[in-house]
Asks: 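So that we are looking at the same thing, I have put the structure below in structure tokens.
Just so it is clear, the structure is predicted and the values come from calculations on it, not from any experiment. Chain letters run A, B, ... following the sequence lines, proteins first and then strands; every chain starts at 1.
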Number of protein chains: 2
Amino acid sequence: MGSVLSQKTFPRLDESLLTHMPPFSRLEKNQIRTILDQATSRRYEAGAAIFEEGLPAERFYMLLDGYVRVVRITPTGEQVTALHIPAGQLLGIARALGRDTYPATAISASEAIVLSWPMRLWDSYVADYDGFATETYKTVGHRVGEMNNRIVELATQQVEQRVANALLRLINQTGRKVSDGIEIDFPITRQDLSELTATTLHTVSRLLSGWEKQGLVESKRKRIKVRDPHALVVLAQT
Amino acid sequence: MGSVLSQKTFPRLDESLLTHMPPFSRLEKNQIRTILDQATSRRYEAGAAIFEEGLPAERFYMLLDGYVRVVRITPTGEQVTALHIPAGQLLGIARALGRDTYPATAISASEAIVLSWPMRLWDSYVADYDGFATETYKTVGHRVGEMNNRIVELATQQVEQRVANALLRLINQTGRKVSDGIEIDFPITRQDLSELTATTLHTVSRLLSGWEKQGLVESKRKRIKVRDPHALVVLAQT
DNA sequence: TTGGAAGTTTGTGCTGGCTCAAAGACCCGG
DNA sequence: CCGGGTCTTTGAGCCAGCACAAACTTCCAA
């Protein structure tokens, strides 16, 4: 399942880490210095849990590098991925939702570098730092929108369309252009995709094989490259 | 489709309307007076749209009486109900999500009485009124939780379980105890239920007929009474 | 009271995607 | 270079739930 590889405060975190992250981008250099000095940095290996559903929300996090899956576990043990979070976003912000426990579990999809702060600092950040609250609520709003879309998708679309959409979302969020297409730049298994789209890994596998034959995608183990995004868009809307 | 029946400010709204609604419950009487004097009250008949997806969020609303369905329309014209909102909650609070358009359409499920304020007052309410922001974010948090649950439900459960769950949620939110069970106290059609559970009205109809034969529920046109909630809970978890 | 609209029930087939099953490909440690 | 773990592919059969269709009930307006 993976575990924490290191937990320490690096000698000195560089201000440039945060200057371009929306919730902090309007701040002065010395403010960022203060915030960084209050942060703990930590590295998680792929598959490690950053925080878990239901536990007291003691810290909030900023994902500096990597990708995180936000999942919930059903009573019968199935995992459902509610959301993918790319680098540069806050997570575990239970406080912004008036909650004191985490509403879901966050799992790093690849190796991840994360800053975190004790939740008691949350209110003072909101009070003291211009734009922090606003930007945070934009993030929340954006995620609500995403969730809404997922509900509509699950409710009305066929499996093939859902998988196509999931792929498109992933390359938008985390795609890296390569010579002959766009590659998802973190390891993703058929199983992961099936959890994102509420189907089985078998069906995902069949679909990808089919698309590969048509030249839409190319995939190796844990790697997917989309060669013809436009065709996928068409598929997704059919 | 229904239309607005009346739009006017009543001679004088009574303070007691708001004193027990969470976002306002911590306020002084004269504060509530001010807020009420800034409000417009309006009645919508069943099926009328209070606001619509994508339009500029010019006002925010408090549902005083009635029930509201929050729906999204797919490109192909199907409706999907994302959420049900009971009386006593704010709605159309795009601002709290950092948005300037409404993310979904709100339709009154029964006759509804609604107060509304111009969105430009939002920031001052947040700034001036103790607890307003906090309570609002709790509402948002709660809705995020609900949406999460719906995603998990859609992703993992069978139609029968989803319909059972939807019924249970409805009686929890809006149930009224009667002699031999709990009745959903606003008009709801099979069609509505099918939109809530992402299935067809046919399937819902069959399920309800079946349950009626087993004595679990009783239903007439637009009315559903649950006689044995516990059995439904069991069904929902099977 | 009558006609129409809205909502509901029920039947009959069909099929998308699931389950079950088994084997093949790749990856890493020893 | 072998062996076990992880990931992927493919096949076969089946069934829950959908599409389509038609009749019935209730409500309401004229």
Asks: Please tell me which of A:Val159 and B:Lys220 maps to the more 5' nucleotide of DNA chain C, matching each residue to the nucleotide holding its nearest heavy atom.
Replies: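 It is B:Lys220, whose closest nucleotide lies nearer the 5' terminus.
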Asks: Just how far, in rounded Å, is P of C:dA6 from CG of B:Asp192?
Replies: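 In whole Å, C:dA6 P lies 14 Å from B:Asp192 CG.
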Asks: I'd like to know if the side chain of A:Arg42 pairs up with that of A:Tyr44 as donor and acceptor (distance under 3.5 Å, no hydrogens or angles considered).
Replies: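 On atom types as modelled, these side chains qualify, holding a pair under 3.5 Å.
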Asks: Atom CD of A:Gln157 and atom P of C:dG16: how far apart are they, to the nearest Å?
Replies: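 In whole Å, C:dG16 P and A:Gln157 CD are 16 Å from each other.
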Asks: Do B:Thr136 and B:Thr139 have side-chain N/O donor and acceptor atoms under 3.5 Å apart?
Replies: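 No, no side-chain donor-acceptor pair sits under 3.5 Å.
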Asks: In terms of side-chain heavy atoms, does B:Thr74 have a donor or acceptor partner in B:Thr76 at a distance below 3.5 Å?
Replies: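 Judged by distance alone, the side chains do pair up.
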Asks: Calculate the interatomic distance between A:Trp211 atom CH2 and D:dT10 atom P; express it in whole Å.
Replies: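 It is 15 Å, rounded to the nearest whole Å.
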Asks: Could you state the atom-to-atom distance from CG of A:Leu154 to C1' of C:dG16 in whole Å?
Replies: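 In whole Å, C:dG16 C1' lies 16 Å from A:Leu154 CG.
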Asks: How close or far is atom P of C:dT10 from atom CG of B:Leu201, stated in whole angstroms?
Replies: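 Whole-Å distance recorded here is 13 Å.
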Asks: For residues A:Ser219 and A:Arg190, is any side-chain donor paired with an opposing acceptor at under 3.5 Å?
Replies: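 Checked: A:Ser219/A:Arg190 side chains pair up, N/O donor to acceptor below 3.5 Å.
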Asks: So that I can tick it off, tell me whether B:Lys222 and B:Asp192 are bridged by a salt bridge, with the cut-off set at under 4.0 angstrom between side-chain N and carboxylate O.
Replies: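 No, B:Asp192 and B:Lys222 are not salt-bridged.
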Asks: Does B:Glu160 pair with B:Arg206 as a salt bridge, N-O distance under 4.0 Å?
Replies: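 Salt bridge between B:Glu160 and B:Arg206, a charged N being under 4.0 Å from a carboxylate O: no.
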Asks: For the residue pair B:Thr81 and B:Arg72, confirm or rule out a side-chain donor-acceptor distance under 3.5 Å.
Replies: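 Result is no, nothing qualifies.
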Asks: Are OP1 or OP2 of D:dC18 and a side-chain N or O of B:Thr199 less than 4.0 angstrom apart?
Replies: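 Checking D:dC18 against B:Thr199, a side-chain N or O does come within under 4.0 Å of OP1 or OP2.
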Asks: Classify A:Glu160 by what it touches in the nucleic acid, base, sugar-phosphate, or nothing, heavy-atom distance under 4.0 Å.
Replies: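 Contact class for A:Glu160: none.
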Asks: Answer yes or no: is there an ion pair linking A:Glu153 with A:Arg162, defined by an N-O contact shorter than 4.0 Å?
Replies: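 No, this pair does not count.
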Asks: Check this for me: does the side-chain of B:His202 come within 3.5 Å of the base of C:dT8 through a donor and an acceptor?
Replies: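 Answer is no: no donor-acceptor pair is held.
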Asks: What are the two closest heavy atoms between A:Thr105 and A:Glu52, and how far apart are they?
Replies: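 Heavy-atom minimum between the residues: OG1-CA, 3.7 Å.
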Asks: Mind running a 4.0 Å heavy-atom check of residues 71-80 of chain A against DNA chain C and sending the residues that fall below it, in number order?
Replies: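 Those residues whose heavy atoms fall under 4.0 Å from DNA chain C, taken from residues 71-80 of chain A, amount to none.
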Asks: Atom CZ of B:Arg223 to atom P of C:dT8: distance rounded to whole Å?
Replies: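 Taking atom P of C:dT8 as the reference, CZ of B:Arg223 is at 12 Å.
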Asks: Regarding A:Glu183 and A:Arg227, does a basic nitrogen lie under 4.0 Å from an acidic carboxylate oxygen?
Replies: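 A salt bridge is absent here (no side-chain N lies under 4.0 Å from a carboxylate O).
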Asks: Whole angstrom is fine here: how far is it from CD1 in B:Ile224 over to C1' in C:dT8?
Replies: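 Answer to the nearest Å: 12 Å.
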Asks: Ignoring backbone atoms, test whether A:Gln158 places a side-chain nitrogen or oxygen under 4.0 Å from the OP1 or OP2 oxygen of C:dG17.
Replies: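 Answer is yes, contact under 4.0 Å.
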Asks: If you restrict it to nitrogen or oxygen atoms, what contacts under 3.5 Å exist between nucleotides 4-7 of chain D and the protein, and what is each distance?
Replies:
residue, atom, partner, partner atom, Å
D:dT6, O2, A:Arg221, NH2, 2.4
D:dC7, O4', A:Arg221, NH2, 2.9

Asks: Under 4.0 Å from any atom of DNA chain C, heavy atoms only: list the residues of residues 203-210 of chain A that qualify, in numerical order.
Replies: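 Within this stretch, A:Thr203, A:Arg206 sit under 4.0 Å of the strand.
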Asks: For the residue pair B:Trp117 and B:Phe60, does the interplanar ring angle fall in the parallel (under 30°), tilted (30 to 60°) or perpendicular (over 60°) class?
Replies: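 B:Trp117 and B:Phe60: parallel rings.
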